[in-house]
Amino acid sequence: MAGNADALRSVIADAASGVALALRGGGGPDAVSGILHPDNPFAPAAVRVLGADVLAPYALGHPPPTADAGHAQSVRMALAAYPPGADASEVSVWSYGGLAEAARRFLPADGALPPVPDADMAWTGTDPWQRLAHRVSQLAALAVPGLADGLAANLAPRVDDLSRGFVRAVRRRDWLQAAGVGRWLARLPDVPETLGLDTGLVFVGRLGAADPRVDLHVAAAQRFFGRGR
């Protein structure tokens, strides 16, 4: 069991590194196809963890992957194997919905993709700022131009609370949470200049460099929104 967990973490890390490389212009948008090939038994679970980020490089305008691209097949497998259950958390429903939305946007249409599920947004207005920052960091893969626009609109009025969450995560040295919240702040309007988001993202990227997911979020903030350079 421990060996399986280690293997899954390794695939997630390798795929995150591949996406970050593609966002920075290296390796091409298909950089993760070999890593997330459907012959790899851990590929669908890794796709479910990384969510829409496995397709994020295609938001840069590259041609969509072919139907037989390794990660395209694994995305379909993940969507079929890991739908949120009736008691799933809001984060699980939103992350699945983000992956489904990205698949419908970037994968060849073949009728095999599930619909994007309805997801509750009440928490975006009612969560205390600490809880809000935690959940938003878990949904960092949705901070892609044109993806989850409704969520972005609902989060815009909470920029000050998310800024507090970003500072708190940095002070706690929780680099993954800081990178995720910072990536969302990079997308949202009216971020306070006093936050120093660009400098903060660079700092988080350096201190959290050991985690490829931190590097991925910082790379996304830079490439998609021009923040953290």
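One is the number of the first residue; the rest follow in order along the sequence. Only a predicted model underlies this, so the values are computations on that prediction, with no experimental measurement involved.
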So, [X] side chain and [Y] main chain: donor-acceptor pair closer than 3.5 Å or not?
{"X": "Asp161", "Y": "Trp129", "result": "no"}
{"X": "Arg223", "Y": "Leu23", "result": "yes"}
{"X": "Arg213", "Y": "Ala16", "result": "no"}
{"X": "Trp94", "Y": "Ala148", "result": "no"}
{"X": "Asp53", "Y": "Ala56", "result": "no"}
{"X": "Arg187", "Y": "Leu142", "result": "yes"}
{"X": "Ser95", "Y": "Val91", "result": "yes"}
{"X": "Ser74", "Y": "Leu36", "result": "yes"}
{"X": "Arg104", "Y": "Leu113", "result": "yes"}

Original post:
With sequence neighbours excluded, what pairs up with Arg168 under the side-chain hydrogen bond (donor to acceptor under 3.5 Å, both in side chains) test?
Top reply: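 In terms of side-chain hydrogen bond (donor to acceptor under 3.5 Å, both in side chains), with neighbours along the sequence ignored, Arg168 is linked to no residue.
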
Calculate, to the nearest 0.5 Å, the distance between atoms [atom1] and [atom2] belonging to [X] and [Y] respectively.
{"X": "Leu99", "Y": "Leu55", "atom1": "CG", "atom2": "CG", "answer": "6.5 Å"}
{"X": "Trp123", "Y": "Ser89", "atom1": "CH2", "atom2": "OG", "answer": "10.0 Å"}
{"X": "Asp120", "Y": "Glu90", "atom1": "CG", "atom2": "CD", "answer": "5.5 Å"}
{"X": "Thr199", "Y": "Arg229", "atom1": "OG1", "atom2": "CZ", "answer": "14.0 Å"}
{"X": "Ser137", "Y": "Leu139", "atom1": "OG", "atom2": "CG", "answer": "8.0 Å"}
{"X": "Arg183", "Y": "Gln222", "atom1": "CZ", "atom2": "CD", "answer": "11.5 Å"}

Original post:
So, Arg48 and Ser92: side-chain donor and acceptor under 3.5 Å apart, yes or no?
Top reply: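 Yes, Ser92 and Arg48 have a side-chain donor paired with an acceptor closer than 3.5 Å.
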
Subject >> Qualifying ring pair (Phe, Tyr, Trp, His ring centres under 6.0 Å) pairs, either residue in residues 191-229, two or more places apart >> reply: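 Sorted pair list: Trp175-Phe203.
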
**OP:** Can you run down the ring pair (Phe, Tyr, Trp, His ring centres under 6.0 Å) pairs that involve residues 33-64, sequence neighbours left out, and say none if there aren't any?
**Re:**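 Non-adjacent pairs meeting ring pair (Phe, Tyr, Trp, His ring centres under 6.0 Å): Tyr58-His71.
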
Hey, are [X] and [Y] close enough for a salt bridge, meaning a charged N less than 4.0 Å from a carboxylate O?
{"X": "Asp215", "Y": "Arg206", "answer": "no"}
{"X": "Arg135", "Y": "Asp127", "answer": "yes"}
{"X": "Asp14", "Y": "Arg9", "answer": "no"}

Original post:
So do the side chains of Arg76 and Leu107 get within less than 4.5 Å of each other, counting heavy atoms only?
Top reply: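 When only atoms from C-beta onward are counted, Leu107 and Arg76 do touch, with a gap below 4.5 Å.
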
Original post:
Just wondering, do Arg158 and Leu132 contact through their side chains at under 4.5 Å, heavy atoms?
Top reply: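 With C-beta onward as the side chain, the pair touches.
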
Does [X] belong to the same Ile/Leu/Val/Met/Phe/Trp/Tyr cluster as [Y], with side-chain heavy atoms less than 4.5 Å apart forming each link?
{"X": "Val11", "Y": "Val49", "answer": "yes"}
{"X": "Val32", "Y": "Leu21", "answer": "no"}
{"X": "Val202", "Y": "Leu207", "answer": "no"}
{"X": "Leu50", "Y": "Leu60", "answer": "yes"}
{"X": "Leu188", "Y": "Val167", "answer": "yes"}

Exercise: identify the closest heavy-atom pair between [X] and [Y]:
{"X": "Ala52", "Y": "Ala102", "answer": "CB-CB, 3.9 Å"}
{"X": "Val218", "Y": "Gly205", "answer": "CG2-CA, 3.9 Å"}
{"X": "Ala221", "Y": "Leu201", "answer": "CB-CD1, 3.9 Å"}
{"X": "Pro192", "Y": "Val159", "answer": "CD-CG1, 3.7 Å"}
{"X": "Pro44", "Y": "Ala78", "answer": "O-CB, 3.3 Å"}
{"X": "Ala15", "Y": "Ile35", "answer": "N-CG2, 3.8 Å"}

Original post:
Looking at Val136, Val191, Leu155, which hits side chain to side chain contact (heavy atoms under 4.5 Å, CB included) with Leu185?
Top reply: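 Looking at Val136, Val191, Leu155, the match for Leu185 under the side chain to side chain contact (heavy atoms under 4.5 Å, CB included) is Val191.
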
Subject >> CG (Asp190) with more than 12 external heavy atoms under 6.0 Å >> reply: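 Check fails, neighbour count at 12 or below.
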
Subject >> Neighbour count >12 (heavy atoms, 6.0 Å) for atom CG, Asp118 >> reply: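 Atom CG in Asp118 is not crowded, with 12 or fewer foreign heavy atoms closer than 6.0 Å.
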
**OP:** For the pair Leu79 and Tyr96, evaluate side-chain contact (heavy atoms from CB on, under 4.5 Å) and give the outcome as yes or no after the intermediate values.
**Re:** CA-CA 7 Å; Leu79 288 169; Tyr96 182 89; 3.7 Å; yes

